Asks: 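Please read through the structure below; I'll follow up with questions.
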Amino acid sequence: QVNLVESGGGLVQPGGSLRLSCTASRSILSTFLSFNKAYWRQAPGKQRELVASISSDGTTMYADSVKGRFTISKNNTKKTIYLRMDNLKPEDTAVYYCNMANDNTDSWGRGTQVTVSS
């Protein structure tokens, strides 16, 4: 298993921005590079949904609801992925979870709360 440490959540007003980060603690670089990586979110009373992903070859994908507002990226040296969230809306309020997986492992962070409210 991989220990994923998340940070960056918080309370922001509509239209604001946040950047989430997720670090693959104790993973060697070659293992980190092998991962497909993603952020999911789960709002109270709703199912978990895929927000954004970045594959091991760098291909990115976004949910339609966040396309144009969110950007997923990675820093290989830091073994970290980031989710930049701009123009946040109240419906973005959720617990956000990072996920990294390859053929051998499927690891999850413990989640970070994002609340968008005026």
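These figures come from a predicted structure and were not determined experimentally. Nothing fancy with the numbering, it's 1 onward along the sequence.
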Asks: Cationic tip of Lys37 within the cone over Phe32's six-membered ring, i.e. under 6.0 Å and within 45° of the normal?
Replies: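 Geometry flag: set, cation within 6.0 Å and 45°.
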
Asks: Under a plain distance cut-off of 3.5 Å, with no hydrogens placed, do Ser17 and Asp86 share a side-chain donor-acceptor pair?
Replies: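 Side-chain D/A pair, Asp86 to Ser17: present.
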
Asks: Can you name the closest pair of heavy atoms from Ala38 and Leu50 and give their distance?
Replies: CB-CD1, 3.8 Å

Asks: Quick check: does any side chain N or O of Ser55 sit under 3.5 Å from a backbone N or O of Thr59, one acting as donor and the other as acceptor?
Replies: yes

Asks: Determine whether Ile54 and Tyr39 satisfy the following criterion, side chain to side chain contact (heavy atoms under 4.5 Å, CB included), listing intermediate values before the conclusion.
Replies: CA-CA 9 Å; Ile54 181 166; Tyr39 270 96; over 6 Å; no

Asks: Under a 4.5 Å cut-off applied to non-hydrogen side-chain atoms, are Lys79 and Phe35 in contact?
Replies: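 Sidechains of Phe35 and Lys79: no contact.
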
Asks: Search all heavy atoms of Ser21 against all heavy atoms of Ser7 and return the closest pair with its distance.
Replies: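 Shortest heavy-atom contact: OG-OG, 2.7 Å.
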
Asks: Nearest 0.5 angstrom please: Asn76 CG to Leu29 CG, how far?
Replies: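 CG of Leu29 is found 6.0 Å from CG of Asn76.
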
Asks: Does any part of the side chain of Gln113, heavy atoms only, come nearer than 4.5 Å to the side chain of Thr93, both counted from C-beta?
Replies: yes

Asks: Would you say Ser56's side chain and Leu33's backbone share a donor-acceptor pair under 3.5 angstrom?
Replies: no

Asks: Quick one: closest heavy-atom pair of Ala24 and Val2, and the distance?
Replies: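 Between these two residues, the closest heavy atoms are CB-CG1, 4.1 Å.
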
Asks: Identify the two heavy atoms, one from Ala94 and one from Ala43, that lie closest to each other, and give their separation to 0.1 Å.
Replies: CB-N, 3.8 Å

Asks: Classify the ring geometry of Trp108 against Tyr97: parallel below 30°, tilted from 30° to 60°, perpendicular beyond 60°.
Replies: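 Trp108 and Tyr97: perpendicular rings.
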
Asks: So do the side chains of Leu4 and Met100 get within less than 4.5 Å of each other, counting heavy atoms only?
Replies: yes

Asks: Answer yes or no: is there a side-chain heavy-atom contact under 4.5 Å between Val66 and Arg41?
Replies: yes

Asks: What heavy-atom pair brings Leu83 and Ala52 nearest, and what distance separates the two atoms?
Replies: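 It is CD1-CB, 4.0 Å.
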
Asks: Are Asp92 and Arg69 packed together at the side-chain level, in the sense that at least one heavy-atom pair is separated by less than 4.5 angstrom?
Replies: yes

Asks: Could you tell me whether the side chain of Gln42 and the main chain of Val95 form a donor-acceptor pair under 3.5 Å?
Replies: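 No: the side chain of Gln42 does not pair with the backbone of Val95.
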
Asks: Indicate yes or no for a side-chain donor-acceptor contact from Asn99 to the backbone of Ser107 under 3.5 Å, with no hydrogens or angles considered.
Replies: yes

Asks: Heavy atoms only: give me the nearest Leu18-Leu88 pair and the separation to one decimal.
Replies: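 That would be N-CD1, 3.9 Å.
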
Asks: May I ask you to say whether Asp64 pairs ionically with Lys67, meaning some side-chain N is under 4.0 Å from a carboxylate O?
Replies: yes

Asks: Do the side chain of Tyr82 and the main chain of Thr71 share a donor and acceptor less than 3.5 angstrom apart?
Replies: no

Asks: Do Trp40 and Tyr62 belong together in a cluster built from hydrophobic side chains that touch within less than 4.5 Å?
Replies: no

Asks: Could you check whether any side-chain heavy atom of Val114 comes within less than 4.5 Å of a side-chain heavy atom of Leu20, counting everything from C-beta outward?
Replies: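 Touching, per the 4.5 Å side-chain cut-off.
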
